[in-house]
Amino acid sequence: DITNSLKEIASEFVIEVNIISIYELDKDNRSLTYRLKMQDFEQTLTTKQIDDEVNKIKNHLSSTFEARFRG
C-alpha cells in the first residue's frame, strides 16, 4: 500500500520507487527503507526541488499511514 501510494503522489521527476529493506521493530511497528530515483530529462534538479518533493512525500506518509521518520 505504501509503495503504491508513493507512486501515486510523487511528481513526474520521481522515476523509480523501490523498497530496500523492512525491519520488524515489534509486533506493531516496522522500519521501512525506500529508494527514490529522481530525474528531469530537461534540466538539473535543484536542491530545493528535491527537498520539496521529499517533504511532500513525508507529509503524505505521516498523514496517511501515521509514519514517523528518523533523523
Side-chain angles (χ1 to χ4, degrees):
D1 290 345
I2 293 172
T3 302
N4 289 334
S5 180
L6 286 173
K7 290 177 180 179
E8 288 176 12
I9 64 112
S11 69
E12 69 280 352
F13 58 80
V14 177
I15 60 173
E16 282 184 38
V17 176
N18 297 306
I19 189 154
I20 302 302
S21 68
I22 301 172
Y23 181 73
E24 299 291 333
L25 299 173
D26 56 44
K27 71 176 190 134
D28 296 322
N29 295 292
R30 288 181 281 176
S31 175
L32 307 175
T33 304
Y34 278 88
R35 177 179 294 138
L36 304 174
K37 182 175 180 182
M38 298 183 194
Q39 185 174 8
D40 188 326
F41 294 101
E42 297 178 13
Q43 65 182 4
T44 301
L45 293 172
T46 65
T47 301
K48 181 174 180 354
Q49 287 174 299
I50 294 167
D51 289 344
D52 288 348
E53 185 69 16
V54 170
N55 288 330
K56 177 180 85 172
I57 290 168
K58 284 177 147 183
N59 289 336
H60 171 75
L61 293 174
S62 292
S63 65
T64 306
F65 298 101
E66 298 180 20
R68 291 171 287 157
F69 299 90
R70 291 186 273 171

Heavy-atom side-chain contact between L6 and V14 under 4.5 Å: no
One should read off an interatomic distance between L61 CG and I9 CD1, to the nearest 0.5 angstrom, of 6.5 Å
Please enumerate all residues that pass side-chain contact (heavy atoms from CB on, under 4.5 Å) together with K37, with sequence neighbours excluded. I15, E16, Q39
For A67 and S62, which heavy atoms make the closest approach, and how far apart are they? O-OG, 3.4 Å
Nearest 0.5 Å, what's the CG-OG1 distance between L32 and T3? 8.0 Å
Cluster companions of L25 among Ile, Leu, Val, Met, Phe, Trp, Tyr (side-chain spacing under 4.5 Å): Y23
What residues form a side-chain contact (heavy atoms from CB on, under 4.5 Å) with Q43, not counting sequence neighbours? D40, Q49
Other members of the hydrophobic cluster containing I20, with the 4.5 Å side-chain heavy-atom rule, please. none
Salt bridge (charged side-chain N to carboxylate O under 4.0 Å, His left out) contacts in which one or both residues fall within residues 55-67, not counting sequence neighbours: E53-K56
Out of curiosity, R68 CZ to S31 OG, how far, rounded to the nearest 0.5 Å? 10.0 Å
For the side chain of S5 and the backbone of D1, is there at least one donor-acceptor N/O pair under 3.5 Å apart? no
Identify whether F41 and L45 are in the same connected component of the hydrophobic contact network (ILVMFWY, side-chain heavy atoms under 4.5 Å). no
Could you tell me whether the side chain of I2 reaches within less than 4.5 Å of the side chain of Y34, counting heavy atoms only? yes
Approximate separation, where rounding is to 0.5 Å, of N55 CG and I50 CD1: 12.0 Å
Contacts of D26 meeting side-chain contact (heavy atoms from CB on, under 4.5 Å) (sequence neighbours excluded), chain-then-number -> D28, N29
